[in-house]
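Basis for what follows: all heavy atoms, side chains included, without hydrogens, waters or symmetry-related copies. None of the values given here were measured: they were computed from a predicted structure. Index from 1, following the sequence.
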Amino acid sequence: MGPALVLAQTLTEPAACSRPVYLTFDTGHMGTAPLIAQVLQRHKVPVTFFAAHEKTQQGDGSLGEHWADWWRARGAEGHAFASHTWDHAHWRADLDGPGDVRFRIRPSAGQQAGQNLQWSAPQYCDNLRQAANRLQALTGQTPLPLFRAPGGKTSARLLQAARQCGYAHVGWADAGFLGDELPSERYSNAHLLHKALQNIRPGDILMAHLGIWSRQDPWAPAVLEPLIVGLKARGLCFATLREHPQYRDWVRQHPLQLAQPNPPHVTQPALRP
């Protein structure tokens, strides 16, 4: 049995997790991604990654070739993956008018970043699917039939359109907003850690990022590691959204039908925890 398989089985063992929380990461500038991966490996914590093709500190975007090996290693470790839209496309409004359902969308990545666009429901679904296809090609894992809208901004129409093309939306618990995108001069790491450890409860979905441009004092891994240790000390454990009671039936009943990926090429075996 190879080391990657051993690690994947360790991370995704559901019987050991009776009071779970669900740690999720959205993509960002990726500057803290290697350190976050080390913390997750060290503490055997499975997470769900929501990925868009965002601008990064190094390389050609968060789902580009520069970060391909990083994603392949996370796939070998047994984490779960889902779409965050390809262009980090923010919903701004529903648009009334004749014809198909349409939305005002403002991407923050890609060639049309910063522009106010009008997308049909199929166009939005195509953007969800583009990120999912790339994740599958990188990780060798079929992404979950879930998505997270950038900023968590949605409407009832948008959610219905996404569900019709196979994607259920995932937000986060109030206590699960870990605050890594807040300005560090007003919200110190110590404050964010204390608040999270005090308020998080079993069943909560937690949300952070793989690097945030707006925060000067990086949240990860400074807060991430003591948060994991502290939550485990309270008797909590970690699981992916594949096991979440609100989503597990949807995940089982609506597998994504994506192009078959090429077998992932991992240049090194995954590190043992």
Side-chain angles (χ1 to χ4, degrees), residues 17 19-30 32-33 36 39-40 43 45-52 54 62 74 79-85 88-91 108 128 131-132 135 143-156 158-159 162-163 167-184 187 189 191-215 218-228 230-232 234 236-251:
C17 195
R19 301 180 69 224
V21 292
Y22 303 87
L23 180 56
T24 70
F25 285 94
D26 296 354
T27 40
H29 63 53
M30 300 296 285
T32 57
I36 288 172
V39 172
L40 299 179
H43 295 279
V45 169
V47 304
T48 304
F49 292 101
F50 288 90
E54 298 187 60
S62 52
R74 306 292 78 76
H79 298 288
F81 307 91
S83 179
H84 196 33
T85 75
H88 204 245
H90 290 260
W91 172 89
S108 64
L128 289 173
L135 279 168
L144 303 180
L146 307 174
F147 82 107
R148 175 170 290 152
K153 302 297 184 182
T154 65
S155 69
L158 187 80
L159 297 181
R163 289 178 75 90
Y167 297 83
H169 186 256
V170 178
W172 52 85
D174 288 344
F177 177 75
L178 298 176
D180 65 325
E181 59 195 276
L182 298 174
S184 52
Y187 301 90
N189 281 338
H191 169 80
L192 295 177
L193 175 62
H194 174 77
K195 182 179 178 181
L197 288 174
Q198 186 176 46
N199 294 333
I200 288 170
R201 296 292 181 265
D204 282 351
I205 296 174
L206 319 182
M207 187 273 294
H209 299 80
L210 299 174
I212 283 289
W213 295 98
S214 60
R215 189 170 180 85
W219 178 91
V223 177
L224 176 62
E225 190 149 29
L227 176 63
I228 289 171
L231 292 177
K232 285 187 173 184
R234 287 180 46 200
L236 302 180
C237 52
F238 294 85
T240 71
L241 291 172
R242 189 179 289 107
E243 289 82 43
H244 193 286
Q246 184 176 341
Y247 300 108
R248 60 192 175 201
D249 287 345
W250 177 272
V251 168

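When all heavy atoms are compared, the tightest approach of R234 to I200 is NH2-O, 2.8 Å. Annotation for P221 and P226: closest pair O-CD, 4.2 Å, computed over non-hydrogen atoms. In terms of heavy atoms, F147 sits closest to F50 at C-CE2, 3.6 Å. Shown here for H90 and G151, the closest heavy-atom pair between the two residues is CE1-N, 4.1 Å. The shortest non-hydrogen separation linking L135 to A51 is CD2-CB, 3.7 Å. Across all their heavy atoms, A162 and L128 have their closest contact at CB-CD1, 4.1 Å.
The structure places CZ of F177 at 8.5 Å from CG of L192, a figure rounded to the nearest 0.5 Å. Atom NZ of K232 sits about 14.5 Å away from atom CZ of R19, to the nearest 0.5 Å. Distance check, rounded to the nearest 0.5 Å: OH of Y167 to CG of L159 gives 15.0 Å. For the atom pair CG (D26) and CG (L210), the distance works out to 8.0 Å, reported to the nearest 0.5 Å. Atom CG of N189 sits about 4.5 Å away from atom CZ of R215, to the nearest 0.5 Å. Residue L40 holds its CG atom at 5.5 Å from CZ of F25, rounded to the nearest 0.5 Å.
Checked by atom type and distance alone, the side chain of Q198 never pairs as donor or acceptor with a backbone atom of K195 at under 3.5 Å. Checking side-chain atoms of R74 against main-chain N and O of F81 turns up no donor-acceptor pair under 3.5 Å. Judged by distance alone, with hydrogens and angles left aside, the side-chain atoms of W91 form no donor-acceptor pair with the main-chain N or O of S155 at under 3.5 Å. Here the side chain of H209 pairs no donor or acceptor atom with the backbone of T27 at under 3.5 angstrom. Under the 3.5 Å distance criterion, the side-chain polar atoms of D180 are left unmatched by any main-chain donor or acceptor of A208. Between the T48 side chain and the A80 main chain, no donor and acceptor come within less than 3.5 Å of each other. A donor-acceptor distance shorter than 3.5 angstrom exists from the side chain of Y247 to the backbone of H169, with no hydrogens or angles considered. Here the side chain of S62 pairs a donor or acceptor atom with the backbone of A52 at under 3.5 angstrom. R163 places no side-chain N or O within 3.5 Å of a backbone atom of A168 that could act as its donor or acceptor partner.
Proximity of P202 to L236: side-chain heavy atoms (C-beta onward) are separated by under 4.5 Å at one or more points. With a 4.5 Å cut-off on side-chain heavy atoms, T24 and R148 count as touching. Contact check for W219 versus L178: side-chain heavy atoms found under the 4.5 Å cut-off. Contact annotation: the side chain of F238 approaches that of I228 to within less than 4.5 Å [non-hydrogen atoms, C-beta and beyond]. The shortest side-chain heavy-atom distance between V45 and V39 does not fall under the 4.5 Å cut-off. With contacts defined as side-chain heavy-atom distances shorter than 4.5 Å, the pair V251/T240 does not qualify.
In this structure, H84 and H88 have perpendicular ring planes: the angle between them is above 60°, well past the 30° mark. Taking the six-membered ring where tryptophan is involved, the planes of Y22 and H244 are tilted, since the angle between them lies from 30° to 60°.
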>> Assess the residue pair L231 and L206 against the criterion (side chain to side chain contact (heavy atoms under 4.5 Å, CB included)); give the C-alpha distance rounded to whole Å, side-chain angles, the decisive distance to 0.1 Å, and a yes or no.
In response: CA-CA 12 Å; L231 292 177; L206 319 182; 4.2 Å; yes

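By the neighbour-count criterion of 12 heavy atoms within 6.0 Å, atom CG of D174 is sparsely surrounded, having that number or fewer from other residues, nucleotides or ligands. Atom NZ of K153 is surrounded by 12 or fewer heavy atoms from other residues, nucleotides or ligands within 6.0 Å.
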